[in-house]
Amino acid sequence: LAGRVLGKALAAVSLSVALASVTVRSSGCHGILEFRNSFSSCWFHLNTNIMSGSNGSKENSHNKARTSPYPGSKVERSQVPNEKVVSVLAGPRWADPQISESNFSPKFNEKDGHVERKSQNGLYEIENGRPRNPAGRTGLVGRGLLGRWSPNHAADPIITRWKRDSSGNKIIHPVSGKHILQFVAIKRKDCGEWAIPGGMVDPGEKISATLKREFGEEALNSLQETSAEKREIEEKLHKLFSQDNLVIHKGYVDDPRNTDNAWMETEAVNYHGETGEIMDNLTLEAGDDAGKVRWVDINDKLKLYASHSQFIKLVAEKRDAHWSEDSEPDCHGL
């Protein structure tokens, strides 16, 4: 944790230095950002559907990664029109150094020591020694605020339960006729947006361990509890994460921190309490990167961080739960 906190602070300092330098490119210290117009680079497109969702659609798969200004700065990205966003086959102590440093020889598209540089979407292209974002250009080159060149792997645990009335009966939405699903959401301290309580996979860490650790840190405040309280939380987490689960998404994420050479990928996994017994015994308390935490009703009005709304929609579909008032009522739950 100390390493991650220090890394965030150094990344912020590096960003300030880069913005104040008036030069096109910053160099020297690890973690300093590089801002350059990437639109002039000519990228050849090898595959146009690897970023598609479960229904084969590319809609909304690469929008937040093109928004300006870049997080934590006033830097404007070069504008990249939709028709130019075409998929291709695809510091701080903890962060990668500048790509030009002589002692830095990353092994892209493979396991690089304890750092996983393989993409969950397949092979990605290397151009002039730099990995290319498999979703296309973003208007900004370099590593940005992300710690790794190439994929930066995260894990997002989606914890759900059915909304119930005071008698314990599942509540049905009056328009869609479907049961209402709730999930645990946190309000991020860095941007103020509501999100799934996930985080980065540490080097050498298994995804399953990241899912449990991040939920404990952000939704149960496990880092600040006593030894006895931590043992109690660990028992609850073990029961929670021993349940059957659904992998909702695995791969590229449309994240505002993405650049042409560094991008977010995640594995979003749904753990659902059908009876509510385990979920109702969770004492939610915001911690680590979370400012607030609470159970939130799932519907199409949710505005969440990065691609999280898309993940939540997939959960609702797979659980046959209420999502939109525009959906036609069926016989389920009536």
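Side-chain atoms are counted along with the backbone in the values below, which use heavy atoms only and exclude waters and symmetry mates. Keep in mind that this is a model prediction, so the values were computed, not measured.
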Requested in this report: Using atom types as modelled and distance alone, determine if a side-chain donor or acceptor of Lys178 lies under 3.5 Å from a backbone N or O of Trp323.
Outcome: no
Query raised in the report: Does the distance from a Lys or Arg side-chain N to an Asp or Glu carboxylate O, for Asp289 and Lys189, drop under 4.0 Å?
Result: no
Query raised in the report: Judged by atom type as modelled, is there a donor-acceptor pair below 3.5 Å linking the side chain of Asn281 to the main-chain atoms of Glu277?
Result: yes
Query raised in the report: Regarding Asn152 and Arg257, is there a side-chain donor-to-acceptor distance under 3.5 Å anywhere?
Result: no
Query raised in the report: Glu205 and Met200: side-chain contact (heavy atoms from CB on, under 4.5 Å), yes or no, with the steps?
Result: CA-CA 10 Å; Glu205 186 177 39; Met200 306 305 296; over 6 Å; no
Query - Side-chain ion pair, Glu193 and Lys303, N-O less than 4.0 Å - result: no
**Report entry** 4.5 Å side-chain heavy-atom contact, His272 and Lys318
**Finding:** no
Query - Stepwise side-chain contact (heavy atoms from CB on, under 4.5 Å) test for Ile278 and Tyr271 - result: CA-CA 11 Å; Ile278 295 177; Tyr271 295 86; over 6 Å; no
Query raised in the report: Taking C-beta and beyond as the side chain, do Ile312 and Leu181 meet within less than 4.5 Å on heavy atoms?
Result: no
Report summary line: Heavy-atom nearest pair, Ala155 first then Val201, reads N-CG2, 4.2 Å
Query - Donor-acceptor under 3.5 Å (Ser167 side chain, Asn169 main chain) - result: no
Requested in this report: Applying side-chain contact (heavy atoms from CB on, under 4.5 Å), run through Ile298 and Arg319 and close with a yes or a no.
Outcome: CA-CA 11 Å; Ile298 290 178; Arg319 299 292 179 187; over 6 Å; no
Requested in this report: Using side chain to side chain contact (heavy atoms under 4.5 Å, CB included) as the criterion, point out the one residue from Lys170, Gln182, His179, His173 that pairs with Lys163.
Outcome: Gln182
Query raised in the report: Should we say atom NZ of Lys111 is surrounded by more than 12 heavy atoms from elsewhere, each under 6.0 Å from it?
Result: yes
Query raised in the report: Testing Asp260, Asn258, Thr259 for side-chain hydrogen bond (donor to acceptor under 3.5 Å, both in side chains) with Thr138, which one passes?
Result: Asp260
Query raised in the report: Could you go step by step and tell me if Phe241 and Leu211 meet the side-chain contact (heavy atoms from CB on, under 4.5 Å) rule?
Result: CA-CA 8 Å; Phe241 287 90; Leu211 290 164; 4.0 Å; yes
Query - Within-4.5 Å side-chain heavy-atom neighbours: Pro106 and Asp96 - result: no
Query raised in the report: Does any donor atom in the side chain of Tyr305 or Asp255 lie under 3.5 Å from an acceptor atom in the other side chain?
Result: yes
Query raised in the report: Do the side chain of Glu235 and the main chain of Glu232 share a donor and acceptor less than 3.5 angstrom apart?
Result: no
Query raised in the report: Are the side chain of His249 and the backbone N or O of Tyr252 linked by a donor-acceptor pair below 3.5 Å?
Result: yes
**Report entry** Common cluster, Leu145/Val115, ILVMFWY with side-chain heavy-atom separation under 4.5 Å
**Finding:** no
Query raised in the report: Would Ile248 and Trp162 show up in the same hydrophobic cluster when neighbours are defined by side-chain heavy atoms closer than 4.5 Å?
Result: yes
Requested in this report: Would you mind reporting whether His308 and Leu302 have side-chain heavy atoms less than 4.5 Å apart?
Outcome: no
Query - Short side-chain to backbone donor-acceptor contact, Asn270 and Leu246, under 3.5 Å - result: no
Requested in this report: State plainly whether the residues Arg164 and Asp280 are in salt-bridge range, i.e. N to O under 4.0 Å.
Outcome: no
Query - Heavy-atom side-chain contact between Leu304 and Phe311 under 4.5 Å - result: no
Query raised in the report: Rounded to the nearest 0.5 Å, what separation is found between the CG atom of Asp297 and the CD1 atom of Ile171?
Result: 8.0 Å
Report summary line: Rounded to the nearest 0.5 angstrom, the CZ-CD1 distance for Phe183 and Ile158 is 8.0 Å
Query raised in the report: Judged by atom type as modelled, is there a donor-acceptor pair below 3.5 Å linking the side chain of Asn261 to the main-chain atoms of Arg143?
Result: no
Query raised in the report: Take atom NZ in Lys118; do more than 12 heavy atoms of anything else shown fall under 6.0 Å from it?
Result: no
Query - Asp288 side chain vs Glu217 backbone, donor-acceptor pair below 3.5 Å - result: no
Report task. Rounded to the nearest 0.5 Å, what's the gap from CD1 on Ile233 to OG1 on Thr283? Could you check? Result -> 8.5 Å
Query raised in the report: What pair of heavy atoms forms the shortest contact from Ala290 to Glu218, and how long is it?
Result: CB-O, 3.5 Å
Query - Within-4.5 Å side-chain heavy-atom neighbours: Pro131 and Arg148 - result: no
Requested in this report: Answer yes or no for Arg294 and Trp194: cation-pi contact, defined as NZ/CZ to six-membered ring centre under 6.0 Å and angle to ring axis within 45°.
Outcome: yes
Query raised in the report: So, the side chain of Asn128 versus the backbone of Arg130: is there a donor-acceptor pair under 3.5 Å, distance only?
Result: no
Report task. State whether the number of non-hydrogen atoms from other residues, nucleotides or ligands found under 6.0 Å of Asp165 atom CG is greater than 12. Result -> yes
Query raised in the report: Under a 4.5 Å cut-off applied to non-hydrogen side-chain atoms, are Val269 and Lys250 in contact?
Result: no
Query raised in the report: Does the Trp149 side chain pair with the main chain of Pro97, one donor and one acceptor, at a distance under 3.5 Å?
Result: yes
Query raised in the report: Do you know which two heavy atoms are closest between Glu325 and Val175, and how far apart they sit?
Result: O-CG1, 3.2 Å
Query raised in the report: How about Tyr124 and Ser150: do any of their side-chain heavy atoms sit closer than 4.5 Å?
Result: yes
Query raised in the report: Crowded around Lys313 NZ? As in, over 12 foreign heavy atoms under 6.0 Å?
Result: no
